[in-house]
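Reviewing the structure listed below.
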2 protein chains.
Amino acid sequence: MGTVRQSTVSAPAPAGEDPRDRILAAAGQEFAERGYEAATVRDICLAAGVNVAAVNYYFGDKKRLYIESVKHAHELRVKQVPLPEWPGDRPADERLHDFIDNLLERMLGFGQPPWQVRLMLREVLQPTDACRELVEDYMRPHFALLVSILDDLCDGRLPESELRRVAMSIIGQCFLYRAAGDVVGMLVPQRELESLHTPARLADHVTRFTLAALGVSPPMGSPAFSSSRPPTRTPR
Amino acid sequence: MGTVRQSTVSAPAPAGEDPRDRILAAAGQEFAERGYEAATVRDICLAAGVNVAAVNYYFGDKKRLYIESVKHAHELRVKQVPLPEWPGDRPADERLHDFIDNLLERMLGFGQPPWQVRLMLREVLQPTDACRELVEDYMRPHFALLVSILDDLCDGRLPESELRRVAMSIIGQCFLYRAAGDVVGMLVPQRELESLHTPARLADHVTRFTLAALGVSPPMGSPAFSSSRPPTRTPR
DNA sequence: AGTTGATTGAAACAACTGTTTGAATCCCTC
DNA sequence: GAGGGATTCAAACAGTTGTTTCAATCAACT
């Protein structure tokens, strides 16, 4: 009784930090896994190791807790995988490869649990109030960067609108593996999944595909290309 | 009192057909819009113009109603937009364009309400029991067809695994507009959306992009190509 | 120590969920 | 027209939901 530490008998939570942060973390995972409606305040509080009343005490509302969770996940993810930066002389095709690699790494993430991405995916699929902010702060700069790389790549030969559509083509290729990963897994043989569907391999494929489409490198089927090295060495 | 017709005062439903079918239709829309958890049996029954007990009477369960709804939506969609078929001599590049056009038409659908697609999208994103069937009956044949077109297109120069990845690149480009349409709409100027983001225009873009990547037609930026006609006339 | 304000806790609240009940009603056959 | 199975209905059920309550506890300052 003398010790100040919480009893260990019923503390399933990492009772280290601020209860507010614990709730935020637990809520993010729960919302990401089950969705807004199916996730219950009680389960979140259980996972966070706090009382049910804590949610309303700290956030006022389930809805406001949700919005805070999305923002929190977003900020966390930006810190984990920041936008790439290059020295001024790095060629555009290598910048494109880096960008795609970065995008896939962030979307498919390897070591880290991708619950933040799952949460954001729900927002992309069916935007709520939390989404507009997400787009403006986070996606628009990324998108603008990609468009500028593409512009450099085919130095001004394509109008802005076409560049945007090409950018969408790139994002779409990456997005599929994140959003429909389970179905992709059903359509592709197991061993192929393991060997070819890693973030790095996919980045190589998407980059080659795009550079070929833009005429920057030879087309995919061309003999000089089959199984040659990808157009850039990735310095990760 | 003599008339057999239901009173018109509280019949918000198209009380034409089988109550079972009415429930199925209402459930599909409700599930598509709000998701499984958020959609309530009461709302579905209200929309269908039947009593709450009818769901359990006809389907036994909310979960079984959901599965039946997904299957129903899928069958309905297959009838609405069937797989394209071609005479034996239609060139591969035109078949590719038709396929992509068909895919986008089914995904983005114009006149018809796309609630069936929304419902299936939920399954793709987070598969339930209803999904495996969906993939086997519906998506795998489509995917195989696409791969075979691609194989014809670059007559055997690419291995099967590469063809599959190219197929994924195509599907991904189309999928983005369906799944993340709202975000796309935030990133692209309004007038560009209206003029360039119709199913037909997008099909042209994706086809050109893919054919260029495969080296079947000149790359996107090439002077001979800017604003030339798309590689195939669409005989829709 | 004593007081004050912030935090936590167990319990209860009202509203809503999916599901069940049993009587009323319909529709068809004899 | 009577009988009988299928269908519909209003009402109630038990369980869960988000939220509130108010007393107990904690931490810090005088």
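Every chain is numbered from 1 and lettered A, B, ... according to where its sequence line falls, protein lines coming before strand lines.
- Here N51(B) reaches the OP1 or OP2 of dA10(D): one of its side-chain N or O atoms lies under 4.0 Å away.
- Straight-line distance from the CZ atom of F59(A) to the P atom of dT20(D): 16 Å, rounded to whole Å.
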Table please: side-chain donor-acceptor pairs of residues 64-73 of chain B below 3.5 Å, with sequence neighbours left out.
from	atom 1	to	atom 2	distance (Å)
Y66(B)	OH	E123(B)	OE2	2.6
S69(B)	OG	L65(B)	O	2.8

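- Atoms CZ (R42(A)) and C1' (dT16(D)) sit 7 Å apart, rounded to a whole Å.
- Looking at heavy-atom distances under 4.0 Å, A53(B) makes contact with a base.
- In this structure, E37(A) places its CD atom 18 Å from P of dT16(D), rounding to the nearest Å.
- At least one side-chain heavy atom of F175(A) sits less than 4.5 Å from a side-chain heavy atom of L121(A).
- Here dT19(C) presents its P atom at 11 Å from CD1 of I44(B), a figure rounded to the nearest Å.
- Nucleic acid contact class of A39(B) (heavy atoms, under 4.0 Å, all strands): sugar-phosphate only.
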Quiz item: What do the steps show when you test L119(B) against Q116(B) for side chain to side chain contact (heavy atoms under 4.5 Å, CB included), and what is the final call?
Solution: CA-CA 5 Å; L119(B) 190 54; Q116(B) 297 101 335; 5.7 Å; no
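- To the nearest angstrom, P of dT20(D) lies 6 Å from CG of N56(A).
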Check nucleotides 4-6 of chain D for protein N or O atoms closer than 3.5 Å to its own N or O atoms and list the pairs.
none

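- Side chain of R77(A) to backbone of V117(A): no donor-acceptor contact under 3.5 angstrom is found.
- If you measure from atom NZ of K62(A) to atom P of dT20(D), you get 14 Å, rounded to the nearest angstrom.
- Applying the 4.0 Å criterion to OP1 and OP2 of dT7(C), one finds that Y58(A) has every side-chain N and O outside that range.
- The residue among V52(B) and V52(A) whose nearest nucleotide of DNA chain C is located toward the 5' end is V52(A).
- Taking atom CG of L46(B) as the reference point, atom C1' of dT17(C) lies 16 Å away to the nearest angstrom.
- E85(B) CD: 12 or fewer foreign heavy atoms inside a 6.0 Å radius.
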Would you be so kind as to tabulate the donor-acceptor pairs closer than 3.5 Å made by side chains of residues 51-63 of chain A, with sequence neighbours excluded?
from	atom 1	to	atom 2	distance (Å)
N51(A)	OD1	A53(A)	N	2.9
K62(A)	NZ	Y36(A)	O	3.0
K62(A)	NZ	A39(A)	O	2.9

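- Going from atom CD1 of I23(A) over to atom P of dT8(C) covers 8 Å, rounded to whole Å.
- Nearest nucleotide to the side chain of P19(B), out of dT8(D), dT20(C), dG18(C): dT8(D).
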Quiz item: Under the side chain to side chain contact (heavy atoms under 4.5 Å, CB included) criterion, do H142(B) and I171(B) qualify, and how do the steps go?
Solution: CA-CA 11 Å; H142(B) 272 258; I171(B) 294 171; over 6 Å; no
